K.L.:
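Shown below is the structure under consideration.
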Amino acid sequence: MFKTGVVVTKDRHEISPDTSEESTREKILNAAGEVFAEEGFEGATVRAITERAGVNIAAVNYHFRDKGELYTKVVLQACSVQAALQDAMADAADSPEERLRSIVHHFVRYLLDPARPDWMRRLKAREMANPTAALDELVEKNLRPLRDEFLRPTLRDLTEGRFNQRELGLIASSVMSQCLYFLQYQPIIERLNPDFKNLKSNVVEIADHVTRFSLAAIREMTRQARRS
């Protein structure tokens, strides 16, 4: 047998260290989301997360300071509305009615995205039932900007500036809670209404309904405010 020399070249498609690290980080986040959704923050262990992610504990320690930081990142990933907000603002027209329509459509599409893992809905329900410090960060980084920078100004235009901040806050809560209802109560809705067996295939219909319902209520409230 003769040993031949082989020149080894680097495949242009070889995964870079940065890409590999990002892939590992995503594996950890997704596995942690599933475990946290099943066991809650207290019940989840880093060992259970690493076993599900197929990584070692050193990988978790490299990407996250501790279980608390990992949990916060997972909650932000599960509940973040930044992308939906940016898309809504990009698509928004000058008309306040169309701005509200854009907010609702993008928010409902985000909530009922078929690619959205179910653990996100379950983890969100857990966090609402037993709030942690992660909720504070979620509110400040996601929900407050959505309300203060886009939703509340839109509602102020729709109501001709006839309502104070507290009243606008109630209207904003009413609009957003309609969207969230279709996510959080999805199992009940599908059982009560066989026609909605798969809510994720009815995103446009749901968003249109929420928009029309909300605009009708806002117009009537504004009409009554003018008369008072």
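Remember, it's a predicted structure, so these values are computed and weren't measured experimentally.
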K.L.:
For Leu170, does its backbone N or O pair with a side-chain atom of Ser174 as donor and acceptor, under 3.5 Å?
P.N.:
yes
K.L.:
Looking only at heavy atoms, what is the nearest atom pair of Ala207 and Thr211, with distance?
P.N.:
O-OG1, 2.8 Å
K.L.:
Got a sec, which residues hit salt bridge (charged side-chain N to carboxylate O under 4.0 Å, His left out) with Glu167, two or more places apart in sequence or on another chain?
P.N.:
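Partners of Glu167 under the salt bridge (charged side-chain N to carboxylate O under 4.0 Å, His left out) test: none.
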K.L.:
List in chain and number order the residues that pass side-chain hydrogen bond (donor to acceptor under 3.5 Å, both in side chains) with Arg226, two or more places apart in sequence or in another chain; answer none if no residue qualifies.
P.N.:
Glu160
K.L.:
Enumerate the side-chain hydrogen bond (donor to acceptor under 3.5 Å, both in side chains) contacts for residues 213-223, please, sequence neighbours excluded, ordered by first and then second residue.
P.N.:
Gln178-Ser214, Glu220-Arg223, Glu220-Gln224
K.L.:
How close do Leu183 and Arg121 get, counting heavy atoms only, and between which atoms?
P.N.:
O-CD, 3.0 Å
K.L.:
Roughly how far, to the nearest 0.5 Å, is CG of Asn202 from NE2 of His209?
P.N.:
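Answer rounded to 0.5 Å: 12.5 Å.
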K.L.:
Walk me through whether Met221 and Thr159 qualify under side-chain contact (heavy atoms from CB on, under 4.5 Å).
P.N.:
CA-CA 8 Å; Met221 292 176 68; Thr159 57; over 6 Å; no
K.L.:
With Arg122, which residues qualify under salt bridge (charged side-chain N to carboxylate O under 4.0 Å, His left out), at least two apart?
P.N.:
Asp118
K.L.:
According to a 4.5 Å side-chain heavy-atom criterion applied to Ile, Leu, Val, Met, Phe, Trp and Tyr, with indirect links allowed, do Val139 and Val175 form part of one hydrophobic cluster?
P.N.:
yes
K.L.:
With a 6.0 Å cut-off (strictly less than), is the heavy-atom count around CZ of Arg47, excluding the residue itself, greater than 12?
P.N.:
no
K.L.:
Tell me if the NZ atom of Lys124 is crowded by more than 12 foreign heavy atoms within 6.0 Å.
P.N.:
yes
K.L.:
How close do Trp119 and Ala78 get, counting heavy atoms only, and between which atoms?
P.N.:
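Closest heavy-atom pair between Trp119 and Ala78: CZ3-CB, 3.9 Å.
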K.L.:
Tell me which pairs pass ring pair (Phe, Tyr, Trp, His ring centres under 6.0 Å) where either residue lies in residues 40-69, with sequence neighbours left out.
P.N.:
Phe41-Tyr71
K.L.:
How many angstroms lie between atom CG of Leu138 and atom CZ of Arg144, to the nearest 0.5 angstrom?
P.N.:
11.0 Å
K.L.:
If you look only at pairs with a residue in residues 28-38, which of them pass as a salt bridge (charged side-chain N to carboxylate O under 4.0 Å, His left out), with sequence neighbours excluded?
P.N.:
Glu34-Arg52, Glu38-Arg52
K.L.:
Output the distance between atom NZ (Lys27) and atom OG1 (Thr50), rounded to the nearest 0.5 Å.
P.N.:
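OG1 of Thr50 is found 13.0 Å from NZ of Lys27.
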K.L.:
Under the side-chain hydrogen bond (donor to acceptor under 3.5 Å, both in side chains) rule, collect the residues that match up with Arg212, sequence neighbours excluded.
P.N.:
none
K.L.:
I'd like to check the side-chain hydrogen bond (donor to acceptor under 3.5 Å, both in side chains) partners of Thr132; sequence neighbours left out, ordered by chain and number.
P.N.:
Glu127
K.L.:
Any chance you could measure Leu70, atom CG, to Ile49, atom CD1, to the nearest 0.5 Å?
P.N.:
5.0 Å
K.L.:
What heavy-atom pair brings Ala59 and Thr24 nearest, and what distance separates the two atoms?
P.N.:
CB-CG2, 4.1 Å
K.L.:
Quick one: are Glu137 and Val75 in side-chain contact, heavy atoms under 4.5 Å?
P.N.:
no
K.L.:
With sequence neighbours left out, write down each residue that passes salt bridge (charged side-chain N to carboxylate O under 4.0 Å, His left out) with Asp148, or none if nothing qualifies.
P.N.:
Arg152
K.L.:
With side chains defined as the heavy atoms from C-beta onward, is the minimum distance between Gln77 and Asn30 less than 4.5 Å?
P.N.:
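Answer yes - side chains close enough.
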K.L.:
Just to verify, which of Val203, Ile206, Leu180 counts as forming a side-chain contact (heavy atoms from CB on, under 4.5 Å) with Leu111?
P.N.:
Leu180
K.L.:
Who passes side-chain hydrogen bond (donor to acceptor under 3.5 Å, both in side chains) against Asp157, sequence neighbours left out?
P.N.:
Arg99
K.L.:
Knowing that exactly one of Leu215, Leu100, Val104 qualifies, which makes a side-chain contact (heavy atoms from CB on, under 4.5 Å) with Val210?
P.N.:
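The single option meeting the side-chain contact (heavy atoms from CB on, under 4.5 Å) with Val210 is Val104.
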K.L.:
Not counting sequence neighbours, list each pair that qualifies as a ring pair (Phe, Tyr, Trp, His ring centres under 6.0 Å) and has a residue in residues 166-195.
P.N.:
Tyr181-Tyr185
K.L.:
For Glu39, what residues pass the salt bridge (charged side-chain N to carboxylate O under 4.0 Å, His left out) criterion, not counting sequence neighbours?
P.N.:
none
K.L.:
Nearest 0.5 Å, please: how far is CG in Leu158 from CD in Glu97?
P.N.:
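Output value for this atom pair is 5.0 Å.
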K.L.:
Is there a path from Ile189 to Leu192 through hydrophobic residues (I, L, V, M, F, W, Y) whose side chains come within less than 4.5 Å of each other?
P.N.:
yes
K.L.:
How many angstroms lie between atom CD1 of Ile188 and atom CD of Glu190, to the nearest 0.5 angstrom?
P.N.:
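Here the rounded value is 11.0 Å.
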K.L.:
Considering all heavy atoms of both residues, which atom of Val35 and which atom of Ala44 are nearest to each other, and what is their separation?
P.N.:
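For Val35 versus Ala44, the nearest heavy atoms are CG1-CB, 3.6 Å.
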